[in-house]
Colleague: 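I have a structure I would like to understand better, so I am pasting it below and will then ask my questions one at a time.
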There are 2 protein chains.
Amino acid sequence: MFNKETEYAIRGLVYIQLQNFEGKRPGIAEIAKQIDAPHFYTAKILQRLVRQGFVESLKGKGGGFYFDTKKPQLSLKQLIIATEGDSLFCGCGFGLKQCDENNPCPLHDKYAEIRNALNKLVSEENVQSLAQKTQRGEEMLSPRLR
Amino acid sequence: MFNKETEYAIRGLVYIQLQNFEGKRPGIAEIAKQIDAPHFYTAKILQRLVRQGFVESLKGKGGGFYFDTKKPQLSLKQLIIATEGDSLFCGCGFGLKQCDENNPCPLHDKYAEIRNALNKLVSEENVQSLAQKTQRGEEMLSPRLR
DNA sequence: ATAATAAAAGACCTTTTTGTCTTTTAATAG
DNA sequence: CTATTAAAAGACAAAAAGGTCTTTTATTAT
Ligand code: FES
Ligand code: FES
């Protein structure tokens with residue numbers, strides 16, 4: 001569904017939030033290992049997210065990644081749009097250049113419903129809400145064991 | 001949502017079915033033009049579909065592509081799985097290697113619902129049903145005009 | 001048989017995605 | 001101030017997706 005970059009970004013940020021809850025600022029090596037993502041690729045992705053202001057970082061001893069609690073929560077939708085664009089939320093499932101309900105493709109009626117549900121999901125969920133679910137122990141973060 | 005190959009495959013097959021309804025067997029050049037897809041790439045994709053037995057072809061004068069009406073209808077799901085695999089229908093939205101409802105990721109509950117809806121859509125719809133919708137004039141096939 | 005037609009096969013290329021690694025910059029501890 | 005730590009930056013590369021083109025094979029009409 002989502003591309004690798006998006007997946008690593010979501011998992012990485014959720015892990016950062018989880019550690020922040022404990023008062024810690026994880027570094028790249030730790031994050032990459034815990035979310036089972038390529039070390040340097042994760043670094044590159046996180047750097048982009050820092051530049052975009054989605055998460056903060058600190059260099060040097062004791063440094064690492066953390067969320068600015070003064071900033072509003074980061075919805076999955078914002079994150080996904082930043083990493084892979086909004087075609088998932090606006091694009092035509094049949095591949096027409098524009099989805100236009102007044103000129104629908106033969107998939108439109110049923111597809112638009114699913115697209116809207118996806119839209120709702122990623123609009124409602126955010127990095128913090130996912131981290132909380134994981135923290136409560138109901139949900140799993142790491143794919144390492146599967 | 002779907003990759004280009006899948007999109008071209010769906011649009012191409014729907015166009016073929018549409019022409020078959022009129023007793024015609026379209027050729028690659030015509031198909032590619034009508035569905036606004038790259039000529040030679042379309043050829044390659046259709047050739048693969050013929051080899052897989054999803055559609056038939058005839059070489060030489062008067063040749064072209066057509067469906068064997070004795071074969072069962074081709075669901076979108078079969079087609080999608082053939083072109084890009086089944087990760088859309090089984091994969092974890094969070095990127096875990098395995099989606100396991102007994103060990104769910106923090107997205108699982110809501111995501112699995114959407115995935116099931118998508119599954120239902122592509123299981124119910126097939127090339128013939130999409131062609132019929134287009135034929136009834138309610139839905140649009142070509143993206144050329146958008 | 002021959003010419004014309006149209007798909008099949010497969011080589012080749014470009015772009016995007018994914019991933020790796022080295023060097024530079026910034027922060028902190030001592 | 002110096003050494004250490006850790007992120008930032010950016011070059012580089014592998015793999016996958018997307019796309020192009022030429023040659024071969026099969027069919028049909030004449
Ligand atoms: S026109 Fe195709 S999904 Fe809306
Ligand atoms: S475990 Fe992630 S979607 Fe099921």
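The model shown is predicted, which means the values in this text are computed figures rather than measured ones. Residue numbers begin at 1 in each chain, while the letters A, B, ... track the order of the sequences.
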Colleague: Using whole Å, report how far CD1 of Ile28(B) lies from C1' of dC21(D).
Modeller: 13 Å
Colleague: Going by an N to O cut-off under 4.0 Å, is there a salt bridge joining Lys97(B) and Asp36(A)?
Modeller: yes
Colleague: Could you state the CZ-P distance from Phe65(A) to dA27(C), rounded to the nearest angstrom?
Modeller: 14 Å
Colleague: Quick check: any donor-acceptor pair below 3.5 Å linking the side-chain of Lys61(A) to the base of dT4(D)?
Modeller: no
Colleague: Please compare Arg51(A) and Gly63(A) by the position of their nearest nucleotide in DNA chain D and report the one closer to 5'.
Modeller: Gly63(A)
Colleague: Regarding dG19(C), can its base be found pairing with the side chain of Lys44(A) as donor and acceptor, where the two atoms are less than 3.5 Å apart?
Modeller: yes
Colleague: Could you tell me whether the phosphate oxygens of dA8(C), OP1 or OP2, come under 4.0 Å of any side-chain nitrogen or oxygen in Ser57(B)?
Modeller: yes
Colleague: In whole Å, what is the span from the CZ atom of Arg48(B) to the P atom of dG10(C)?
Modeller: 13 Å
Colleague: Between Lys133(B) and Glu125(B), does at least one N-O distance fall below 4.0 Å, as a salt bridge requires?
Modeller: yes
Colleague: Do the side chains of Lys77(A) and Glu124(A) get close enough for a salt bridge, i.e. N-O under 4.0 angstrom?
Modeller: no
Colleague: Between P on dG10(D) and OH on Tyr41(A), what's the gap in Å once rounded to a whole number?
Modeller: 18 Å
Colleague: Return the CG to NZ distance between Asn20(A) and Lys24(A), rounded to the nearest 0.5 Å.
Modeller: 10.5 Å
Colleague: Once you round it to whole Å, what is the distance between C1' of dT20(D) and CG of Leu46(B)?
Modeller: 16 Å
Colleague: Take Phe40(A) and Lys4(A), find for each the nucleotide of DNA chain C with the closest heavy atom, and name the residue whose nucleotide sits nearer the 5' end.
Modeller: Lys4(A)
